A.B. asks: 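Once you've had a glance at the structure underneath, I'll fire off some questions.
In the text below, chain A, chain B and the rest are named by the order of the sequence lines, each starting its count at 1. It should be emphasised that the depicted structure is a prediction, and the values quoted were computed from it without experimental measurement.
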Amino acid sequence: MSILIDENSRVLVQGLTGREATFHTQRMLEYGTRVVAGVTPGKGGQKHLGLPVFNTVEQAVNAEKPDVSVIFVPPLAGAEAIMEAAAAGIRLIVCITEGIPVQDMIRVKSWLRKYGADLIGPNTPGVISPGKSKVGIMPGHIHKPGPVGIISRSGTLTYEAVHQLTLNGLGQSTAAGIGGDPVVGLKFVELLELFRHDPQTEAVVLIGEIGGSAEEEAADYLKTSPYPKPVLAYVAGITAPAGKRLGHAGAIIEGGKGSAREKIERLKAAGVRIIDNPARIGLMTAEALSLKK
Amino acid sequence: MSILIDENSRVLVQGLTGREATFHTQRMLEYGTRVVAGVTPGKGGQKHLGLPVFNTVEQAVNAEKPDVSVIFVPPLAGAEAIMEAAAAGIRLIVCITEGIPVQDMIRVKSWLRKYGADLIGPNTPGVISPGKSKVGIMPGHIHKPGPVGIISRSGTLTYEAVHQLTLNGLGQSTAAGIGGDPVVGLKFVELLELFRHDPQTEAVVLIGEIGGSAEEEAADYLKTSPYPKPVLAYVAGITAPAGKRLGHAGAIIEGGKGSAREKIERLKAAGVRIIDNPARIGLMTAEALSLKK
Amino acid sequence: MLIHEYQAKEFLKQLGINLPEGRIVSTPAEAREAASELSCPVVLKAQVLAGGRGRAGGVLEALTPEDAEKLAAKLLGSRLVTSQSGPPGLPVEKILVEKLVKVRREIYAGIGIDRKNEALVAIVGRQGGMEIERLAAARPDSIRKIHFHPDEGLKLFQARQLAYFLELEEAQIKEFVFLIKKLSRFFIERDLKLAEINPLSLDEEGKLVALDARLEFDDSSLPRHPEIASLRDESQENELERDARKHGLNYIKMDGEIGCLVNGAGLAMATMDIIKYFGGQPANFLDIGGGVTEEAVSRAFEILMADSQVKSALINIFGGIVRCDLVARGVVKAAQNLSLNKPVVVRLEGTNVAEGRRILEESGLPFSFAPDFEQAARMAVILSRKTE
Amino acid sequence: MLIHEYQAKEFLKQLGINLPEGRIVSTPAEAREAASELSCPVVLKAQVLAGGRGRAGGVLEALTPEDAEKLAAKLLGSRLVTSQSGPPGLPVEKILVEKLVKVRREIYAGIGIDRKNEALVAIVGRQGGMEIERLAAARPDSIRKIHFHPDEGLKLFQARQLAYFLELEEAQIKEFVFLIKKLSRFFIERDLKLAEINPLSLDEEGKLVALDARLEFDDSSLPRHPEIASLRDESQENELERDARKHGLNYIKMDGEIGCLVNGAGLAMATMDIIKYFGGQPANFLDIGGGVTEEAVSRAFEILMADSQVKSALINIFGGIVRCDLVARGVVKAAQNLSLNKPVVVRLEGTNVAEGRRILEESGLPFSFAPDFEQAARMAVILSRKTE
């Protein structure tokens, strides 16, 4: 088992014929992901990478019944692409696009509520359930199937974590990047809830960072409903200066809120094992799992 | 018992200090309605008809805990007044105001869903549970408590129906005007569902009219879920010409849809007793109730 | 409130939507001038506020400027009777002269309000020129509807779905998306109830051109759009209906012989229905409304009696907010100024009923009093026959 | 993107919000002229993109035009160091000269984005002049927040709730409602992230006057608002940061001695953190991003080394989309043009790692290779000390 995606997920690529989408769709196909179609307005009827291309998501859904969509479109078209997928009945939308304006994302969130679709991202490397399906841009080969669930606000830092886990002999059930933007789809709480019920997952690693309150909300969630599996967390940005945006649009300490220290305190108080050396993510997770046994 | 309102309903009047509101609030107080406060921006702190006046609904709710609000404001302020009441936690909003633009009402409907408030109207005479509470502008004295529930799209026609029932010795549990506009709050279906569970109500009279599809929806509802009480219906406008608005903004046959004949056929097919002579509403209801016994 | 085609096209032009080149004229000489400026063939379109102009002879082709002048002379000043105009027809005071567009294909594009779904709706049809309801009935597969919310607007992807449904070529897809987005934004900003471009044509160069346009605004919203309210053309209204509207009365002329004066729209419809039930035909719908004045009641009664088809009248008042005495006073005042040569049946109930009845009785005028709703209707029907 | 006070006030003026009379000047002579036009006393406000100007001496009162000229001469061309500007301060190139407003009361009004609630939020405070976060901490009861949705806008009743919370007089209620409605609409239309009027003052006649204004736009939305994008004042950015931005690099100067060059924001933060963990201090945040070119990598390395505080550098690449060989080539090219007199620790992992390592090794430049993330950090810290 895994969460969000598995070997049966039928994946649609929005913006398929673009350069980035083409590159990463090839990687996904190589990984074994069941990519079934693509959408590029104006290119309907063509084939690309052997996949049928449609003008609209609706047409693609009618023809190929995808249930997951991964979005590679320009930033100002991002919100519309998510809304289109949700309106067409896509269950899980993974938006890779970075730089969607934050007010667009506020609109997207209420739209998603209306249609009952889930969103991963935007500004995410995507989701991978190793050995089953990869929906995103992460390097597939560093992953291996196993017992650790990962939820992360960061891309390369997730690869680093996966790499360390794999070196320590630990595979991953599902690794999901929730995105580095101020307003994103599913966050720690929702994914912790999914991992709670996933039998493959034996421990969960949270990779947080400065800005916002997703980590604090996770702490509140874990405090109020006892979690049956060990949870570890690394929060990046203990050295981050206030008021400066560190790469991600969402990684900023504003009005004295959202510092790494505050997040760490809250998570610690909720019983989460704090990793303070980011080179020890693999080691500490291995320890937590061996203690459990 | 009754539906929507009873002797415990605490009623707020929005636009209290206006001429119409003043007149009808006096009538409501005379009837015994528990009017607890009024709202008129800029007149907060004053007393009017012995009632405290507030600047905002929120302030009135905090101070006097009304759960029902009745709105008498100018048409272009109507949508905001409903939204304000819903946001302040009012459970049932009765909007007397006529002439609210239809796009405003579309916005109101999604707002109400967000806050979980119920709306009666706009362009309604209001709701009365005889002997308990009157929230609206209907003449109270023609009503008497009893077993008949009334749901109507029209004002004076409802008074006519009530008058006939009372003359036939039949009182009313609750009489609710759902409003004559194209987009209104609760409609036949929702109120039929409430009457279904109301022990006082032994029969329900629907008073429909041309335009829209509220009667058709009621027919579908009654067809799919057997109704435990006799339902009678009079649909006004069998002689109405197509394409002309007959007084109510919502009473118009458009694009060949919404004729009285069509509605009558649908209701009849759903087992509703059709009243084709509007002077026999009382008589036919008495007959239906005596047959039942 | 419906506006004229030429007024609607003025708005479309401001939105950047392609239109046939045209001129609005009100004399035959102007029509001739317009035709030669535009170069023939041209189309002359009578500006009346009713559909069905084509079949009624209100849309004519002119091959020469002289031809245009002659045809304009025939149309201007006449009354056009269409399937929707009612029997007296509507006066033609303006003609839109347009260059004839060579049409490759006609489609339908419209925005409306979906009462049932409580949403706005964009509708397209693969065939244009006929009423959308008829197209929907005849070829439902050729129509596509997409709902949207006035706060959210029609999304780009929704516009694209409509465009692809229409099976347009790629260049036209962009044009259509532009058009429907603009039209939907206008619809929201100006509180429309209906915006139709029908037909929307593809001309020989593959451009989308709005051949006809129908914009209907929400009467309730006109106070916040004075620039729209000022476009009302009163010449297109029935004289009695217009007069009634100015007095805050809801009056609609019908074809029967029994005039009705009622308070409340529902009761007014029921009064018409019961007349029919007892074998009569209502001459009108008339709701005097809740906030009516004595003077307006007088005017209502005058309007009623001004209809030469009326053989008897039925006054049916269920006093609530409206007081019976006020209605009685208004009726008496008007009746005293008329030679009351038609029977008038009165049924009063509710607020101040006794006082109302007293006023009518003391007027000395020949009113017939009915004890209830049913009797009132029966009496009015019988009396309408007696006068024949 | 933050804009200057005078630019923000230009927008407020267009919205119809009251402002102190003022002139923007860039020479002492202009300041003198402005002061005499406005008639003294006037206030001179240094236009720098950082808060805390008042306490830093960037806001000065002038009693005569001569006084204004002298004070302007002192401010213009200087660098203002405020609590938020960072150590080198920001250059003062323009001064806003404003007529002194006699203030009866100061309040706070702002619109922002509430990330947690995923909504827009209007905030008012009964006290103005101090940072809203400090006011929230000190007197939470004096603050009121109301959330709203960008599609729905701030409703009139919500604006009224805010106004009544501020305990304004009835005339000011209307003024405030106008102001906050206008500001919220502007916020939505132009994709703002923050709009603050602080303080918003009541002057002696009871009028609401915006004494200071702060508008911050969403960088991501600038492509659709070119008129906003053009307001960027590059003089207010750190030179290295500006240079980095132009190459698509995310670089932020900090106070430590170990320079970092990393791909990915999270890994870049983690790299800073681990340096701290092992007792060092990072000199910067630097994320080269996913779509980086060889040339941009070169520039990144140059920027890193241009920081005189840097004692050692740490290159930490986890190749995914970014290929290790591309980074290696970029670094080598830059390093060859510099006299590489500082130790550089390199940790490469992921896509094309072998090729990357080969390129670095074959360059003959003195790179130190680390086997993993932890070793890399330890080495960089140790090497930064050796050079002392």
A.B. asks: For B:Ala77, which atoms come within 4.5 Å of any heavy atom of chain D: side chain, backbone, both, or neither?
C.D. replies: neither
A.B. asks: Do any of residues 213-232 of chain D come closer than 4.5 Å to chain B, heavy atom to heavy atom, and if so which ones, in number order?
C.D. replies: none
A.B. asks: For chain B against chain D, give me the donor-acceptor pairs closer than 3.5 Å, one per line with atom names and distance.
C.D. replies:
residue: D:Arg144; atom: NH1; partner: B:Glu58; partner atom: OE1; Å: 2.9
residue: D:Arg144; atom: NH1; partner: B:Glu58; partner atom: OE2; Å: 3.4
residue: D:Arg144; atom: NH2; partner: B:Glu58; partner atom: OE2; Å: 2.7
residue: D:Glu152; atom: OE1; partner: B:Lys114; partner atom: NZ; Å: 2.8
residue: D:Glu152; atom: OE2; partner: B:Lys114; partner atom: NZ; Å: 2.9
residue: D:Leu156; atom: N; partner: B:Glu80; partner atom: OE1; Å: 3.3
residue: D:Leu156; atom: N; partner: B:Glu80; partner atom: OE2; Å: 2.8
residue: D:Phe157; atom: N; partner: B:Glu80; partner atom: OE1; Å: 3.0
residue: D:Tyr164; atom: OH; partner: B:Gly42; partner atom: N; Å: 2.7
residue: D:Tyr164; atom: OH; partner: B:Asn55; partner atom: OD1; Å: 3.4

A.B. asks: Sort D:Leu156 into side chain, backbone, both or neither according to what part of it lies under 4.5 angstrom from a heavy atom of chain B.
C.D. replies: both
